[in-house]
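To start, the structure itself, in structure tokens.
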There are 2 protein chains.
Amino acid sequence: MIKVSTKGRYGLRLMLNLASHYNSGNKAVILKNVAQEEDISIRYLEQIIIPLKIKKLVKSIRGAGGGYTLARKPAEINVCEILEALEGTCALVDCVEDTDYCDRLPGCAAYEVWREASQLLQNFFKKVTLQHILDLGEKKLQKSKEKGKTRR
Amino acid sequence: MIKVSTKGRYGLRLMLNLASHYNSGNKAVILKNVAQEEDISIRYLEQIIIPLKIKKLVKSIRGAGGGYTLARKPAEINVCEILEALEGTCALVDCVEDTDYCDRLPGCAAYEVWREASQLLQNFFKKVTLQHILDLGEKKLQKSKEKGKTRR
DNA sequence: ATTATTCCTATAAATTTATGTTGAAATCCC
DNA sequence: GGGATTTCAACATAAATTTATAGGAATAAT
Ligand code: FES
Ligand code: FES
């Protein structure tokens, strides 16, 4: 249980792809390229990007020469926003965000566990921005290069 | 994304139900009663309890007068164990536990985010035992009672 | 024997994941 | 300006997985 759905995983990778292009000129990126680079069906990406557009995390430009760009700087978009756009909330169980959802809430002890865990996760995801992840990736890449150099 | 599956939610409630009976005599509990008390289909509970039995978190006693009991004291079973029994791992994405799962791992920056988040969650769930949750529930119940008293 | 229970297998329903088809808007090029 | 092209947009459908129900066999108690 407690797996990030493919929507969430693909959504983050989509956003990271847009973010990397944002820093190098911010030209619109077409989904076809993202689909190729990330090896995800373009049709599925089209569905995933809709809620991201609605939540104003990306902007779309139609027609030839169009595509998608981040609506804000990578440093100003955090993972929590992305996940929330893709499913309305990033709580581990629905009763945490919607107190009417579960009628056994008053006596439910499990609720407290899910609530605390959700809080923990949410705080973490709020702190991590796309820029952080890009920097992390850069570092990771460099490290693996160095390792390659010293090996003989 | 990142919802606890029904298997996980029902599984924890099932275990909590067994735990509450464990402390009051540890007689075998029959699934029919759990199903009624928790309002979950008995057929579905039967399926959910199988992996819990395999992982030796519960013991079964067949035949009339049989049922299920916790295999250890509630204070010695934590939430992480339960979730792992129910789906093999409590990591947020499969690449975290199975490094062969995802062939884009070497360059994937998102991976680090999921890994850290998984670690965070796992550490939390490992610290929470069934006994902790029972105590929490007791406290919760008492609090709501007090509140009822002062209201007039 | 009869009853109560877990155990095993099959299948139905619902949801999530993925693909296909067509339409609409913007741009490019002549 | 206008047709061809490129791209997003919207809707429909298929495949896979998760969630839930059903029927009956095996086991033990009375
Ligand atoms: S699971 Fe909803 S309140 Fe317990
Ligand atoms: S999601 Fe598997 S390694 Fe990035």
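For the numbers below, each heavy atom of this structure counts, side chains included, while hydrogens, waters and symmetry mates do not. As the structure is a computational prediction, the values presented were derived from the model and not from experiment.
With rounding to whole Å, Lys32(B) atom NZ is found 14 Å from dT3(C) atom P. Atoms CD (Gln47(B)) and P (dG23(D)) sit 15 Å apart, rounded to a whole Å. Between the NZ atom of Lys59(A) and the P atom of dA26(C) there is a distance of 16 Å, rounded to whole Å. Summarising the geometry, the separation between OH on Tyr68(A) and C1' on dA26(C) is reported as 14 Å, rounded to the nearest angstrom. Atom CG of Leu86(B) and atom P of dT18(D) are 13 Å apart (whole Å). Leu31(B) has its CG atom 5 Å from the P atom of dT6(C), to the nearest Å. What separates CD1 of Ile30(B) from C1' of dT6(C) is a distance of 11 Å, to the nearest Å.
Between Arg72(A) and Glu81(A) there is a salt bridge, since at least one side-chain N of the basic residue sits less than 4.0 Å from a carboxylate O of the acidic one. No salt bridge links Lys55(A) with Glu84(A); every basic N to acidic carboxylate O contact stays at or beyond 4.0 Å.
The base of dT19(D) is not paired with the side chain of Arg43(B) by any donor and acceptor separated by under 3.5 Å. In the interface, the side chain of Glu46(A) is not paired with the base of dC8(D) through any donor and acceptor atom under 3.5 Å apart.
Remark: Ser41(A) is in phosphate contact with dT19(C), judged by side-chain N or O atoms under 4.0 Å from OP1 or OP2.
Comparing atom distances between the Thr6(B) side chain and each of dT6(D), dT19(D), dT17(C) picks out dT19(D) as nearest. Considering only side-chain atoms of Arg62(A), the nucleotide from dG23(D), dA26(C), dA29(D) that sits closest is dA26(C).
Linking ILVMFWY residues whenever their side-chain heavy atoms come closer than 4.5 Å, directly or via other members, leaves Tyr68(A) and Ile30(A) in distinct clusters.
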